[in-house]
Amino acid sequence: MRRQLAWDGCYNVRDLGGLRTRNGRTRWGAVIRGDHPSGLTAAGWQALRQHGVRTIIDLTGAGPPPEAAGLDHVALPLDDHSDTEFWSRWTNALSCTPLYYRAFLDRFPGTVAAVVTAIAEAEPGGVLVHCSGGRDRSGLITVVLLAAVGIDAADIAADHALSHDRRAEQCAAVGLPDDTPKVHQLVAEHGTSEQEVIADVVASRDFAAYLRFAGVSAELLAALRDRMVT
């Protein structure tokens with residue numbers, strides 16, 4: 001099967017299935033990461049439903065598009081900008097890179113746990129987790145999910161890198177220049193690479209223990225694994 005999904009009107013959608021865990025592989029169709037589905041055409045919405053998506057988890061906090069009628073929609077905004085101390089350190093530019101992931105995980109474990117809980121508790125069928133561009137906030141949650149079920153750091157970093165594949169096309173669709181070179185420059189200015197940053201995040205903690213401490217029960221962690229891993 002193909003991980004990158006061609007849903008007309010979106011540019012950064014992929015299935016998290018087919019990745020090797022310690023004892024198996026991630027399940028196709030279980031969790032999909034993506035950019036905001038509000039841009040989908042009628043054909044794109046049809047493709048989303050045909051892929052088996054039954055739940056949409058919106059990390060932006062915006063309301064559901066009317067085309068999402070009949071699907072479960074859960075709004076769980078990831079960014080709390082009332083925490084001015086945190087966001088004054090992690091400016092908009094840096095929050096478009098994975099450089100802020102470790103700090104975010106340290107600062108907002110409850111927010112992360114709420115998203116993981118929603119995925120574990122979702123009704124049968126696929127779960128789409130999306131932000132605006134499908135790269136940064138969706139990327140953070142993807143790191144947590146994949147690390148929690150035992151995916152190797154190199155494979156998690158490789159998945160993250162796929163968000164750049166159609167970034168120029170995605171930015172052009174809204175009249176903006178491709179920000180990929182800027183992202184790479186910012187990361188390089190910190191003496192590292194995106195691959196190294198993701199590896200550092202994955203190595204920074206035992207993600208199952210992190211989620212348990214944040215309030216995700218052992219039963220929900222087992223449900224998450226059953227959903228995601230064959």
Side-chain angles (χ1 to χ4, degrees), residues 16 19 21-22 31 33 57-61 74-121 127 129-161 163 179 182-225 228:
L16 296 182
L19 298 171
T21 69
R22 298 183 185 96
V31 180
R33 61 175 291 177
I57 296 179
D58 180 359
L59 304 180
T60 72
V74 184
L76 290 170
L78 212 60
D79 294 350
D80 176 11
H81 287 284
S82 67
D83 188 340
T84 54
E85 180 183 359
F86 181 85
W87 292 110
S88 65
R89 168 67 179 88
W90 298 100
T91 63
N92 286 336
L94 290 176
S95 67
C96 289
T97 77
L99 289 167
Y100 84 104
Y101 283 4
R102 277 190 68 168
F104 189 99
L105 292 169
D106 292 341
R107 187 80 162 195
F108 303 109
T111 301
V112 175
V115 177
V116 172
T117 296
I119 296 168
E121 291 183 335
V127 179
V129 181
H130 77 83
C131 55
S132 294
R135 182 186 62 188
D136 305 312
R137 287 166 288 186
S138 296
L140 189 154
I141 294 301
T142 296
V143 169
V144 173
L145 293 173
L146 295 182
V149 300
I151 304 300
D152 184 77
D155 291 331
I156 298 175
D159 172 81
H160 188 84
S163 287
D179 64 352
K182 181 180 179 181
V183 168
H184 289 161
Q185 179 184 348
L186 282 168
V187 173
E189 287 173 356
H190 284 74
T192 187
S193 67
E194 283 190 304
Q195 183 176 12
E196 290 170 341
V197 172
I198 296 296
D200 178 67
V201 173
V202 173
S204 70
R205 67 205 73 211
D206 177 327
F207 276 86
Y210 167 81
L211 291 168
R212 287 285 289 114
F213 179 79
V216 181
S217 68
E219 291 76 14
L220 283 176
L221 281 176
L224 178 74
R225 183 169 183 83
M228 291 192 65

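Values in this document were obtained by computation on a predicted structure and should not be read as measured data.
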Correct closest heavy-atom pair for Ala120 and Ala223 would be O-CB, 4.1 Å
Any side-chain heavy-atom pair from Arg137 and Thr60 closer than 4.5 angstrom?
-> yes
Provide the closest heavy-atom pair for Val201 versus Tyr101 in the form atom of the first, atom of the second, distance.
-> CG2-CB, 3.9 Å
Could you check if a side-chain atom of Arg135 sits within less than 4.5 angstrom of a side-chain atom of Asp179, using non-hydrogen atoms only?
-> yes
On the ring face of Tyr210, is Arg205 found with NZ or CZ under 6.0 Å from the centre and within 45° of the axis?
-> yes
Close side-chain approach of Arg102 and Asp200, heavy atoms under 4.5 Å = yes
Given side-chain contact (heavy atoms from CB on, under 4.5 Å), test Trp87 with Asp79 step by step and report yes or no.
-> CA-CA 9 Å; Trp87 292 110; Asp79 294 350; 3.7 Å; yes
Shortest non-hydrogen separation from Ile151 to Ile156 and the atoms involved | O-CD1, 3.5 Å
Side-chain touch Glu85/Arg107, heavy atoms, less than 4.5 angstrom | yes
Which residue, Ile198, Asp155, Val197, forms the side chain to side chain contact (heavy atoms under 4.5 Å, CB included) with His160?
-> Ile198
Return the minimal non-hydrogen interatomic distance between Val127 and Ile57, and the atom names on each side.
-> CG1-CD1, 3.7 Å
Out of curiosity, Met228 CE to Thr21 OG1, how far, rounded to the nearest 0.5 Å?
-> 10.0 Å
Minimum side-chain heavy-atom gap Asp136-Cys131 below 4.5 Å = no
Quick one: do Leu140 and Leu105 satisfy side-chain contact (heavy atoms from CB on, under 4.5 Å)? Show the steps, please.
-> CA-CA 9 Å; Leu140 189 154; Leu105 292 169; 4.0 Å; yes
